[in-house]
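Atoms within a ligand are numbered from 1 in the order they appear, just like the ligands themselves.
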Amino acid sequence: MSNCKTISVCNQKGGVGKTTTTVNLGVGLAMQGKKVLLIDADPQGDLTTCLGWQDTDSLGITLATKLTDVINETMTDPMVGILHHEEGVDLVPANLELSAMEFNLVNAMSRETTLKNYLSQVKNRYDYVIIDCMPSLGMVTLNALSAADSVIIPVQAQYLPAKGMTQLVQTISKVKKYINPDIKIDGMLLTLVDSRTNLAKSTVEALRANFGNQIRMYRTQIPIAVKAAETSSKGKSIYAYEPNSTVSKAYAEFTKEVLADGRKKERLHSHEAR
Ligand code: ADP
Ligand code: MG
């Protein structure tokens with residue numbers, strides 16, 4: 001059995017920090033000695049661009065290629081085309097070709113589990129696979145949820161965050177019921193927190209009012225900072241770009257929380273094995 005944990009970073013709302021979280025959680029885990037594969041599951045290719053591959057159109061092999069190879073049973077080497085970032089993470093990149101998969105997957109034989117099938121061919125090499133989802137709940141995102149052991153939901157500190165959250169939680173419940181019975185929501189991560197306002201507090205209160213203790217909030221909150229926004233165009237993580245920033249420290253703390261969950265799982269397994 002593979003000990004790899006697959007995490008989908010998901011929220012159908014755009015601009016909530018999914019891609020930023022994927023980069024800095026991924027690199028954070030790599031800095032702790034974990035082998036990490038990041039999957040860009042957004043046709044915008046923001047994760048790919050953020051990690052320094054600006055010209056996504058010129059990429060020969062992307063996630064769309066891999067999914068197509070699974071559908072057509074034409075996979076030769078599942079590792080070919082995976083990019084290596086200097087900060088120690090691997091990446092399956094994406095570009096606009098991924099948008100065609102929304103349609104191509106519909107008629108595929110195992111349409112919800114095509115990505116899961118691909119990951120099963122590479123995951124034994126990694127400790128963590130982290131999937132950066134696009135801002136929609138279409139076929140590709142459904143594939144990301146079907147492939148995931150757990151979901152991390154970044155939530156922007158703002159009024160009425162619970163609105164779209166209900167739809168997301170319902171979608172995850174359906175995936176759990178029909179496709180992936182073991183999927184868990186690891187937690188919600190509050191992002192873009194402006195300490196000058198009370199929005200973080202009211203957001204947490206609104207989420208608690210709507211979901212009770214059903215979904216855990218990570219202890220760490222990610223502050224809003226200009227340096228974090230700048231990092232997107234630098235091809236590196238916040239740790240490399242601005243190691244002493246508040247956002248760098250917050251993502252390092254968040255990484256520890258994610259690692260603690262992983263260790264719990266490992267303890268459970270070693271207990272079961274005895
Ligand atoms: P999503 O993937 O959910 O669309 P992104 O991670 O791309 O969200 O973030 C949206 C925008 O906000 C990007 O321009 C990003 O650089 C910026 N951003 C993300 N996190 C922070 C932060 N902590 N402080 C300031 N800007 C941020
Ligand atoms: Mg994104």
Side-chain angles (χ1 to χ4, degrees), residues 7-28 38-54 56 62-63 85 89 91-96 98-99 101-102 130-138 140-141 143-145 148 151-158 161 163-165 167-168 171 187-197 199-200 203-204 217-255 257-258:
I7 301 172
S8 281
V9 179
C10 194
N11 187 334
Q12 78 277 29
K13 196 167 172 348
V16 298
K18 291 183 288 296
T19 301
T20 306
T21 297
T22 304
V23 169
N24 295 303
L25 173 60
V27 172
L38 305 181
I39 308 287
D40 192 345
D42 184 346
Q44 290 297 323
D46 287 347
L47 178 63
T48 304
T49 313
C50 276
L51 287 170
W53 286 273
Q54 305 285 343
T56 58
T62 63
L63 183 60
H85 188 268
V89 294
L91 169 70
V92 177
N95 59 24
L96 266 183
L98 189 63
S99 56
M101 296 313 298
E102 291 296 332
I130 306 175
I131 307 171
D132 182 25
C133 293
M134 70 174 95
S136 87
L137 294 174
V140 174
T141 299
N143 267 261
L145 293 174
V151 187
I152 290 173
I153 306 175
V155 185
Q156 185 180 352
Q158 57 164 20
K163 259 178 126 184
M165 206 56 64
Q167 196 194 2
L168 175 58
T171 301
M188 295 190 184
L189 172 67
L190 211 61
T191 59
L192 298 158
V193 173
D194 187 342
S195 59
R196 293 167 303 180
T197 72
L199 279 177
T203 305
V204 171
M217 300 287 310
Y218 286 100
R219 226 178 328 108
T220 310
Q221 299 184 352
I222 310 297
I224 193 164
V226 178
K227 289 289 175 195
E230 285 171 10
T231 313
S232 310
S233 62
K234 306 294 181 203
K236 46 178 101 163
S237 74
I238 189 76
Y239 314 110
Y241 180 61
E242 200 61 40
N244 293 318
S245 67
T246 53
V247 175
S248 176
K249 284 171 189 152
Y251 272 115
E253 282 304 308
F254 172 59
T255 301
E257 287 194 69
V258 173

Minimum heavy-atom separation for [X] to [Y], with atom names?
X    : Y    : answer
C10  : P154 : O-CD, 3.7 Å
Q156 : K13  : OE1-NZ, 4.4 Å
K236 : T231 : O-CG2, 3.0 Å
V140 : M101 : CG2-CB, 4.1 Å
K18  : G15  : NZ-N, 4.5 Å
P43  : M134 : CD-CE, 3.6 Å

Quiz prompt | Identity and distance of the protein heavy atom lying nearest atom 8 (O) of ligand 1 | solution =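 Looking at atom 8 (O) of ligand 1, the protein heavy atom closest to it is G17 N, 2.9 Å.
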
Quiz item: Does one side chain, of D40 or T48, offer a donor that lies under 3.5 Å from an acceptor on the other?
Solution: yes

Quiz item: What's within reach of the Mg ion (ligand 2), meaning protein N/O/S atoms under 2.8 Å?
Solution: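 Counting only protein N, O or S atoms under 2.8 Å from the Mg ion (ligand 2), the list reads T19 OG1.
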
Under 3.5 Å: N/O of [X] near N/O of ligand 1:
X    : value
I222 : no
K18  : yes
T20  : yes
S232 : yes
V16  : yes
A225 : yes
T19  : yes
G15  : yes

Quiz item: Against heavy atoms of P223, which atoms of ligand 1 measure under 4.0 Å?
Solution: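 Listed by number with element: 22 (C), 23 (N), 24 (N).
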
Quiz item: Does the protein place any heavy atom closer than 4.0 Å to atom 22 (C) of ligand 1?
Solution: yes

Quiz item: In a check of side-chain contact (heavy atoms from CB on, under 4.5 Å) between T255 and each of V27, T220, L25, which one passes?
Solution: L25

Practice problem: Verify, without hydrogens or angle tests, whether S8 (side chain) and V151 (backbone) share a donor-acceptor contact under 3.5 angstrom. | Solution: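 Between the backbone of V151 and the side chain of S8 there is no qualifying donor-acceptor contact (under 3.5 Å).
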
Quiz item: How does L192 reach ligand 1, by side chain, by backbone, by both or by neither, if only non-hydrogen atoms under 4.0 Å count?
Solution: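 Under 4.0 Å from ligand 1, L192 contributes side-chain atoms alone.
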
Practice problem: Might you work through the side chain to side chain contact (heavy atoms under 4.5 Å, CB included) test for V16 and L192, ending with a clear yes or no? | Solution: CA-CA 8 Å; V16 298; L192 298 158; 5.5 Å; no

Quiz item: Out of curiosity, I131 CD1 to L38 CG, how far, rounded to the nearest 0.5 Å?
Solution: 10.5 Å

Quiz item: Any side-chain heavy atom of V9 sitting closer than 4.5 Å to one from I130?
Solution: yes

Quiz item: Can a non-hydrogen atom of P154 be found less than 4.0 Å from any atom of ligand 1?
Solution: no

